[in-house]
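Okay, so here's the structure we're looking at.
Chain naming here is simple, since letters A, B, ... match the order of the sequence lines and numbering starts at 1 in each.
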Amino acid sequence: MTDTSRRKFLKLTGTTMGAAMLPFLKAMPAHAQTGGTIVVVSGQTINSLDLHRTGTNRASYQVAVNCYDRLVSFGTKDAPGGGLSYDYDTIVPELAESWTISDDGLTMTFNIKSDATFWDGRKVTAADVKWSFDRAVSVGGFPTVQMRAGGLERPDQFAVLDDETFVITLDRPSKLTLPDLAVPVPFIINSEVAMANATDDDPWAMEYLHMTPAGSGAFKVARWDQGQQLVYERNDAWVGGPLPYFERVIVREVPSPATRRALIERGDVQMSFNIPNRDAAELDEMGDVDVYSTPIENCIHCLCPNFNFEPFQDANVRKALAYAIPYEAIFQTAAYGRGAPMWGGEAEITDTAWPRRSPYMTDLARAREHMAESGFASGFEVPLSISLGLADWMEPTALLLQEAFGEIGIITQIERIPGANWRTAALVEKRLPLHLENFGGWLNTPDYYFYWAYKYGHLFNSSNYLNEEIETLIDNTLHIPMDDPAYAPNIQRMFEIAFEDLPRIPLWQPALNVAMNDAAGYEFWFHRQLDVRPLTAATN
Amino acid sequence: MAARSKMILGRVAQAIPVVIGVVVISFLLTRALPGDPAAYFAGPAADEASIAEIRETLGLDKPLVQQFFYYVGDLIRGDLGTSLTTGQAVLTDLGARLPASLELTLVALLLSCAIAIPLGVLAATRPGTWVDHLCRVLVTAGVSMPTFFTGILLIYIFYYLAGLAPSPLGRLDFIYLSPPRVTGFYLIDAALAGDWETWLGALKQLILPATTLALFTLAPIARMTRAAMLSALSSDFIRTARAAGLSDRKVLFGYAFRNALLPVVTTLGMVFSFTLGANVLVEKVFAWPGIGSYAVEALVVSDYAAVQGFVLAMALLFVALNLVIDIAYALIDPRIGLN
């Protein structure tokens, strides 16, 4: 029966599936010239087609990326570790043809492409952009928070000049505004369709768009069987970028990593998205499948000592931790060497690269020295908390840390916290004395990372760290352009303080792993979700 | 007949306090779960204000008693609430997922019975022979291997190595469209639509997961059949029947087996219930969109409405199951009156 394997079948019929031959596709007729179908498996489940809805999970962000357009997008560059990556430093048009920013940086004027249409054929107008932006800043929750990061806070900041001209007025100029328009959140909705389905209780058509996208993006949703699959169908009238290669993309949800691995190895699916580090390492070694492991930009797995816990107020104790960590063993055991090391860097900071290696490395002698100099020379006990939802990397890391800290007299008990409670305990209440954490910032500047993770009271500052100089530095740096003369010195000073005070001890920079079999064109995005638009058939 | 319907009504009436208990307990238990759904659903970058906003939308800022009465009021109107994770009515979710689980469980049980009962009978009639040993080995292997392991092993052998089984991609490979929905059971719906290609596709997808579950459920059924047959065969009425010169066949199936069926049916009921629970691991391995994985996902994120809906649906299912088993008893054993 091996002769019926789909891989052989594909080999016979060309690189991708002969669309017309499949019964499924009879129901959704398509032209068979460029594309065909690609099948992607993922362990995550898509729970909504509307990113703005409360409760929409991360995996669902891909719908905002693939089915909707934004005014602008990021360019493309080669990624470290192979394949392509989005390019934070290049902003390219998507629905906007061009844009101008006033000299004071307070007014941004966007000209919308005149040939841009929604799926129903209606022209995309500035009114649609305004409605969509108003929605993003009004619905609350994550979209509103993300918009605020770019200085976009109130509907009165958005104005329609004419059908093709849209104006944003800012309260203060910020280097984060333009990139923030390219993240998945400010996507542009067909406001007429949405408003026709809005009610008094639901002015933003949350119920309707949750199940029925209405956009102008590269793909439409042909079918969504919740918990099973999402089928994208190409929008041939798309003007936001080059027409995608595939006509249809089937994203199947397969929770078990072992099953996903069998599927990709057999070639019955062409792409397995977000595979475990271990599978990535093993598949890479076997060589039959293309594996892309892209270090996630602006994301670091950290060990966080909480300043509310007395021993960790002692700088020597924190340094002892940093010297006791068996970095290499953790990187190999928990990450299978995927990602980038974050230890053993230069002591002197001369650039603004981030994430960067800390000046610490495994050195038990120095760790013991610091412990001896501290006020806790005889050691102490502390729980080391991890999330069961992230146990794949936290569990092995915690076990190795437990062993190493035991060597310097810090006795830890590993406390496993269920995924649903983790956020509340670690980030909201910030009550975990010693824990692992992995914030990653969407906007790729170090000050943005520091804003969320080092500023007192901010969500990801789970260490309750407070340093007045850091507070001032972040406030002074967050919005100034990267070519401002103050930018580089400010950033370097932040790095120095962060490595001296160690509220977050960097362990390693994690990677996003993707395996492909008989397909190409994968592009890494900071949002860590699947962008199906650039995918193509294998070139060789 | 009147006696029978009276008995059925009586059973249903007895179930009412059970269901009320389940409603109260599932409500309290979900609230007692540690974790804050508002904080969870507010997303990765939410602040205090947006968490409070969401808590208000979810009605979680109200006192517990008030929340409970809202819940019961909705329940009486047949509204199980909306799941936060899926954003759909819980009733819709259950309607979509319960048939998937039931189809898998029932097929697995049929398969299991088809093997276990003859095996148990054979083992009982030939104790100590190779059949008995085979029964023991199969049964021990079946229970001692966890279902997810059996599942992965079967995938590895029959899909990955041999290429005999179809891709373990859930209820239907992506090349088929799901049949028009009547019952939600793909095998029945495809047969009703006369779409035998899809029927075959659905059956192929079922074989591996159903075998996995069947292996797991073989043990109790085969062991119980064997034990019940042994005790029936050694009882006085069998000796009398043999002494009266009845044929072996008549003795075995007419008298011994019929008497042995009672404990087997009881076991079946229990096996059915724990199989529905044990499903979740098989569902994960075979990407089966069943109710077990739904409940686990809901539980992980403290999705109250979905968890309560699941518990309630299960409770109702077991009430119905017990009713069916009681009726089956009466049919098998005339001594058990319907009244």
| task | Please flag which part of A:R260 lies under 4.5 Å from any non-hydrogen atom of chain B: side chain, backbone, both or neither. | result | neither
| task | Looking only at non-hydrogen atoms, find the nearest pair between A:G227 and B:R97 and report the distance. | result | CA-NH2, 3.5 Å
| query | Atom CE of A:M211 and atom OG1 of B:T86: how far apart are they, to the nearest 0.5 Å? | reply | 8.5 Å
| query | If you round to the nearest 0.5 Å, how far is CD of A:E207 from OG1 of B:T82? | reply | 7.0 Å
| said: If you count every heavy atom of other residues, nucleotides or ligands that lies below 6.0 Å from B:F68 atom CZ, does the total exceed 12? | reply: yes
| Residue part contacting chain B, namely of A:A258, when any heavy atom lies under 4.5 Å | side chain
| query | What is the distance from atom CD of B:E283 to atom OG of A:S256, rounded to the nearest 0.5 Å? | reply | 13.0 Å
| said: Are there over 12 heavy-atom neighbours, none belonging to B:E56, within less than 6.0 Å of that residue's CD? | reply: no
| said: Using heavy-atom distances under 4.5 Å, tell me whether A:E253 contacts chain B through its side chain, its backbone, both, or neither. | reply: backbone
| note | Turns out that what part of A:T45 lies under 4.5 Å from chain B's heavy atoms comes down to side chain
| remark: Closest non-hydrogen atoms of A:R266 and B:G163, given as atom of the first, atom of the second and distance, are NH2-CA, 3.5 Å
| Approximate separation, where rounding is to 0.5 Å, of B:D93 CG and A:Q226 CD | 6.0 Å
| task | Only one of A:L263, A:V39, A:V41 passes side chain to side chain contact (heavy atoms under 4.5 Å, CB included) with B:S167; say which it is. | result | A:L263
| Quick one: does A:R223's side chain get under 4.5 Å of B:S178's, heavy atoms only? | yes
| query | Can you name the closest pair of heavy atoms from B:L172 and A:R252 and give their distance? | reply | O-NH2, 2.8 Å
| Using a cut-off of under 4.5 Å for heavy-atom pairs, which of B:E297, B:Q88, B:R171 has the most such pairs with chain A? | B:Q88
| query | Hey, does A:V254 have a side-chain heavy atom less than 4.5 Å from the side chain of B:F286? | reply | no
| task | Could you tell me whether the side chain of A:T259 and the main chain of B:V285 form a donor-acceptor pair under 3.5 Å? | result | yes
| query | How about B:Y70: does its OH atom have over 12 heavy atoms from other parts shown lying under 6.0 Å from it? | reply | no
